[in-house]
Amino acid sequence: MSADNDSREQWGTRLGFILAAIGSAVGLGNIWRFPYMTAESGGASFVIVYLFLLFLIGIPVMIAEFVIGRNAKLSPVKALSSSGVADWKPIGILFVFTGFLILSYYSVVAGWTLQYMVDSAGGVVTNYSPDVYFAAISQGQRSVFFHLFFMLITAGIVLSGVKRGIEKSVKFLIPTLVFLLMGLAVWAYFRPGAAAGYEFYLSPRTDLLFSENYNFLDINLLANAAGQTFFTLSLGMGAMITYSSYLSSNDDLVEETLIISLSNVSIAFLAGLIVFPIISAYNIFPLEAGQLPESTVSTLFQAIPQAFKSIGGFWGSFFSFVFFGCLFLAALTSAISLLEVVTSSLIDEFNLSRKLSVTISSVSIFLLGVPAALNTGWLGMADKIANNILLLSGGFFITIYAGWVMKEAAVELKKGLSIPVAQLWLGLIRYFIPIIMLSVLLLSFWEFSYEMLQEALPANA
Ligand code: TRP
């Protein structure tokens with residue numbers, strides 16, 4: 001154990017920890033996945049359910065991961081086993097598997113951002129219509145190549161030192177990203193035809209409350225919103241347990257959770273304020289129930305370049321380069337946290353050296369991601385399974401552990417706490433959250449099996 005602890009780094013300051021957690025949370029989930037899920041799940045109705053779940057479930061579960069990590073000061077797998085109650089190893093395996101699967105396609109999408117960067121520098125991106133360019137680079141050899149390239153960079157960083165790299169890049173990255181996103185949002189606001197985009201994004205269709213396609217109570221919408229909550233906050237697979245295992249006991253975990261999750265959701269919200277007005281202004285696809293294109297994985301990559309193409313010339317390419325550069329870096333700080341959980345668990349479990357563990361994990365993650373790099377349909381499917389089933393299951397077990405197995409959870413939370421919410425939190429994590437999560441999970445399974453059945457059955461039978 002001790003050798004392993006030596007090889008893992010520690011956050012020197014409170015700010016270091018907060019920045020690292022923000023670095024993990026802010027990533028493709030905010031800027032690529034959030035608009036794509038919103039487009040797919042019915043616009044403003046989805047946004048409302050998502051915000052609701054974020055506050056009611058996301059924040060308490062993040063606190064739970066922090067409480068577990070700080071209390072045990074061990075990697076996720078060992079932390080859950082430290083109570084001595086029952087064998088939590090299968091949950092550790094679930095975490096590692098989830099990390100493998102998420103990073104395998106995350107790296108493919110991050111590879112796209114790299115391609116946009118390189119090709120913006122070459123002036124290529126703004127020369128083509130965004131859908132033509134996206135179709136050319138998103139599936140096939142070049143996509144595999146950049147997926148490999150991204151995995152190599154991630155592995156290199158996890159091998160050679162995480163802390164300074166993350167702290168430094170996040171400090172400059174988040175402000176730049178926010179600044180650019182704000183600029184783009186203002187630009188998008190002035191496009192003729194933007195109004196319909198805001199309408200879709202911000203005003204819930206109460207008339208469609210119980211209709212077939214947009215429905216607050218729609219299972220798909222509910223599962224997507226829950227999955228997105230976990231994905232965007234990096235919850236459900238032990239990443240935040242790992243990051244908080246180096247905290248000191250005088251940190252205010254609730255305050256930190258609020259800072260991290262509010263920064264995170266603001267960035268996602270801002271991305272939507274760009275993507276939806278552009279989609280409607282440029283008719284990228286109709287924002288109407290039942291008319292969405294088959295794969296909305298491309299939503300961001302079609303909408304944003306449209307803005308840069310309209311600006312055109314040197315500045316169009318310049319802004320495009322900077323934007324995708326920031327997105328790439330945001331993806332990198334998240335990918336690092338995913339790979340860190342996977343490798344540190346392998347080190348703990350099999351006593352591997354860090355080098356060997358990073359090598360084995362990165363090679364297998366690369367291979368697992370190849371199908372996603374060849375086919376965006378596969379990518380969407382892996383994304384759905386990872387989020388709507390695996391992260392939700394992981395999150396469920398985390399709440400059970402914090403609420404019922406760990407005896408000292410509330411006591412741990414009270415250390416350093418400035419607002420007296422420990423009992424409220426414990427109540428939520430014990431009763432309310434597990435029940436909601438189990439219901440969403442069961443519904444999600446049901447929805448999933450129903451989808452597979454529909455695919456298997458002949459049409460119009
Ligand atoms: N939260 C990151 C994003 O939004 C992705 C991520 C990083 C993640 N670490 C994670 C998701 C752990 C789930 C679990 O892009």
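Whatever order the structure lists ligands and atoms in, that order sets their numbers, starting from 1. Small disclaimer: the values here were computed from a predicted structure and weren't measured.
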For the residue pair [X] and [Y], what are the closest heavy atoms and their distance?
{"X": "Pro60", "Y": "Ile429", "value": "O-CD1, 3.5 Å"}
{"X": "Leu413", "Y": "Ala422", "value": "CD2-CA, 3.8 Å"}
{"X": "Ser334", "Y": "Ser24", "value": "OG-O, 3.0 Å"}

Rounded distance [0.5 Å steps], CZ in Phe350 versus CG in Leu356: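 The CG atom of Leu356 is 11.5 Å from CZ of Phe350, to the nearest 0.5 Å.
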Salt bridge (Lys or Arg N to Asp or Glu O under 4.0 Å) partners of Lys89, counting only residues at least two apart: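 By the salt bridge (Lys or Arg N to Asp or Glu O under 4.0 Å) rule, Lys89 matches Glu349.
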Establish, from distance only, whether the side-chain atoms of Tyr133 and Asp119 form a donor-acceptor pair under 3.5 Å.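 Asp119 and Tyr133 do have a side-chain donor-acceptor pair below 3.5 Å.
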For ligand 1, output the ligand-protein N/O contacts shorter than 3.5 angstrom; if there are none, return none.
from     : atom 1 : to     : atom 2 : distance (Å)
ligand 1 : 1 (N)  : Ser24  : O      : 3.2
ligand 1 : 1 (N)  : Ala25  : O      : 3.1
ligand 1 : 1 (N)  : Phe231 : O      : 2.8
ligand 1 : 1 (N)  : Thr232 : O      : 3.3
ligand 1 : 1 (N)  : Ser234 : OG     : 3.0
ligand 1 : 4 (O)  : Ala25  : O      : 2.9
ligand 1 : 4 (O)  : Gly29  : N      : 3.3
ligand 1 : 9 (N)  : Ser234 : OG     : 3.3
ligand 1 : 9 (N)  : Ser337 : OG     : 3.0
ligand 1 : 15 (O) : Leu28  : N      : 3.1
ligand 1 : 15 (O) : Gly29  : N      : 2.8
ligand 1 : 15 (O) : Tyr106 : OH     : 2.5

